[in-house]
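Atoms within each ligand, like the ligands themselves, are counted from 1 in listed order.
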Amino acid sequence: MTDSESSRAARGTADVVVLGAGPAGLVLGNLLLAGGVDCVVLERATSEQVKSRSRAGFLAANTVRILDRHGLAEGLHRRGRTHSTCEFRTEDGRFRLDYATLGRREPHTVHPQHELVTDLLTHYLDAGGRLHFATEAVAVHGADGDRPSVTVRGADGRTGTWQGRYVAGCDGRHGAARRSLPAGSVRHHRLDHGVSWLALLAEAPPSLDAVGYAVHERGFAGHMARTPEVTRYYLQCERGTPPGAWSEDRIWDELALRMRASDYGPLRRGPLLHRAVVDLESDVLEPLRHGSLLLAGDAASLISPSAAKGANLAVLEAELLARALIDDLRHGSPDALADYSARCLEHIWRAQEFSRWMVGLLHRVPGPAGDEAAFHDSLRRSRLASLRTSCSCQDWFAENYVGV
Ligand code: APR
């Protein structure tokens with residue numbers, strides 16, 4: 001980064017200062033720009049890091065509608081693939097659900113998140129959007145007034161300040177926006193699901209033409225296609241397992257065992273491109289507005305990956321926030337901004353409820369075996385049996401599985 005770039009990054013003003021260039025921050029930036037609102041996006045990571053970070057990839061139909069509505073879906077229509085089948089492999093057998101024929105009859109679109117983020121970034125910069133990479137927001141000040149400011153630190157350690165009318169915290173769970181909320185100003189709901197997953201990205205073609213959910217006495221295993229060459233796998237593991245603890249052979253053998261490959265066909269193996277351990281946790285902040293500071297995406301709520309809702313909630317919240325900020329700043333109408341938190345929380349809690357239901361469906365209750373555990377296990381098997389046999393349960397599942 002040149003000197004002039006870093007001095008430009010260190011200070012400035014904008015009507016809306018957006019923290020974070022993930023799905024939430026970039027959808028918000030694009031919509032504000034298109035709505036004639038002066039904004040700037042400040043991102044801690046470099047452009048390369050943002051464009052290469054492999055995370056989610058299952059886009060809900062509503063997310064595609066939002067991106068279409070704002071002319072941001074060209075990339076996902078060109079490279080994304082619709083997906084509408086999930087397969088459950090359990091101790092009571094295997095069954096498939098074609099969820100595009102159930103509920104609201106909607107499919108997912110598989111489009112790796114780093115490709116979506118790259119599309120959004122290109123669109124924003126091509127439209128003349130202001131964005132500073134390698135610029136870390138340190139803290140938000142004066143959010144209880146109408147001239148909040150953000151102190152930032154550049155890659156060269158130089159500090160500075162951005163000032164705005166509003167600050168949009170789209171900088172994730174560990175970002176400056178959350179850190180800057182005065183103690184006691186928000187209710188912080190938390191839930192630890194007590195389950196951890198080894199999250200894997202394999203350079204191997206998908207082994208089945210469906211999202212695969214395997215429930216096994218040794219723990220959960222999951223299979224999600226990302227591209228024709230790359231597949232996402234999840235493997236339930238002990239809390240605190242170091243990501244590197246398992247050899248690749250052991251991982252593939254365990255996946256094959258839990259996915260019952262001996263019954264349903266071999267898994268297509270390949271080198272592991274990425275691995276991490278994810279503790280399944282959820283949290284929700286309430287309210288999502290503190291004066292001139294507004295939260296969206298993971299900064300607003302964290303959701304377990306069990307139902308692929310995180311990125312979809314981030315896009316939905318970014319659209320609600322953009323509309324509310326445009327109403328306020330361009331048309332002098334503050335109502336939507338006043339409703340923003342409540343409207344988001346409605347979607348967030350619905351997604352949290354379904355995500356929790358999925359955790360209960362796919363995992364044995366962690367903890368010591370015993371009567372209670374056995375009781376829960378029978379409930380879980382009955383839930384699976386309802387999903388396999390009951391049309392209304394299948395419709396409910398499909399509506400919540402794809403919906404946000
Ligand atoms: N200053 C500036 N940028 C920051 C800071 C900071 N202090 N802290 C974090 N960031 C940046 C990160 O580098 C990241 O690019 O904020 C961005 C947050 O993006 P995401 O983590 O992708 O969060 P969000 O846009 O809310 O999308 C959330 O997407 O990745 C999926 O499933 C995941 O639920 C998640 C969803």
Original post:
Quick one: which of D171, D298, V27, V117 has a heavy atom closest to atom 35 (C) of ligand 1?
Top reply: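 That would be D298.
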Subject >> E317, E43, R153, R44: member with heavy atom nearest to atom 13 (O) of ligand 1 >> reply: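 It is E43 that holds the nearest heavy atom.
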Taking only heavy atoms of [X] into account, list the atoms of ligand 1 that are under 4.0 Å away from them.
X: A314; result: 27 (O)
X: C170; result: 16 (O), 17 (C), 18 (C)
X: G310; result: 34 (O), 36 (C)
X: A24; result: 25 (O), 26 (O)
X: T135; result: 2 (C)
X: G297; result: 26 (O)
X: Q113; result: 22 (O), 29 (O), 30 (O), 31 (C)
X: E136; result: 1 (N), 7 (N)

[X]/[Y] ion pair, N-O < 4.0 Å:
X: R250; Y: E254; result: no
X: E115; Y: R78; result: no
X: E281; Y: R190; result: no
X: D68; Y: R65; result: no

Original post:
Can a non-hydrogen atom of H174 be found less than 4.0 Å from any atom of ligand 1?
Top reply: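 Heavy atoms of H174 never come under 4.0 Å of ligand 1.
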**OP:** Return yes when L42 approaches ligand 1 closer than 4.0 angstrom through a heavy atom, no otherwise.
**Re:**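 Under 4.0 Å: yes for L42.
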Please check if the number of heavy atoms outside [X] that lie under 6.0 Å from its [atom1] is greater than 12.
X: E238; atom1: CD; result: no
X: R81; atom1: CZ; result: yes
X: R275; atom1: CZ; result: yes

**OP:** Would you mind telling me if ligand 1 is within reach of the side chain of A137, the backbone, both or neither, using heavy atoms under 4.0 Å?
**Re:**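 For A137, backbone and side-chain atoms both sit under 4.0 Å from ligand 1.
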For [atom], grab the closest protein heavy atom and report residue, atom and distance to one decimal in Å.
atom: atom 27 (O) of ligand 1; answer: P23 CD, 3.5 Å
atom: atom 19 (O) of ligand 1; answer: G22 CA, 3.4 Å
atom: atom 33 (C) of ligand 1; answer: R55 NH2, 3.9 Å

Original post:
Do ligand 1 and R53 have nitrogen or oxygen atoms that lie under 3.5 Å from each other?
Top reply: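 There is such a contact, yes.
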Original post:
Among R258, R364, R218, which one satisfies salt bridge (charged side-chain N to carboxylate O under 4.0 Å, His left out) with E91?
Top reply: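 Only one of R258, R364, R218 forms a salt bridge (charged side-chain N to carboxylate O under 4.0 Å, His left out) with E91, namely R364.
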Subject >> Shortest non-hydrogen separation from S306 to Y213 and the atoms involved >> reply: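 Scanning both residues completely, I find the closest heavy atoms to be O-OH, 4.4 Å.
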**OP:** Please step through ring pair (Phe, Tyr, Trp, His ring centres under 6.0 Å) for the pair W396 and F354, ending with a clear verdict.
**Re:** CA-CA 10 Å; W396 174 85; F354 182 70; 5.5 Å; yes
Original post:
Hey, what's the ring geometry for Y401 with Y99, parallel, tilted or perpendicular (30° and 60° as the breaks)?
Top reply: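 Ring orientation, 0 to 90° scale: perpendicular.
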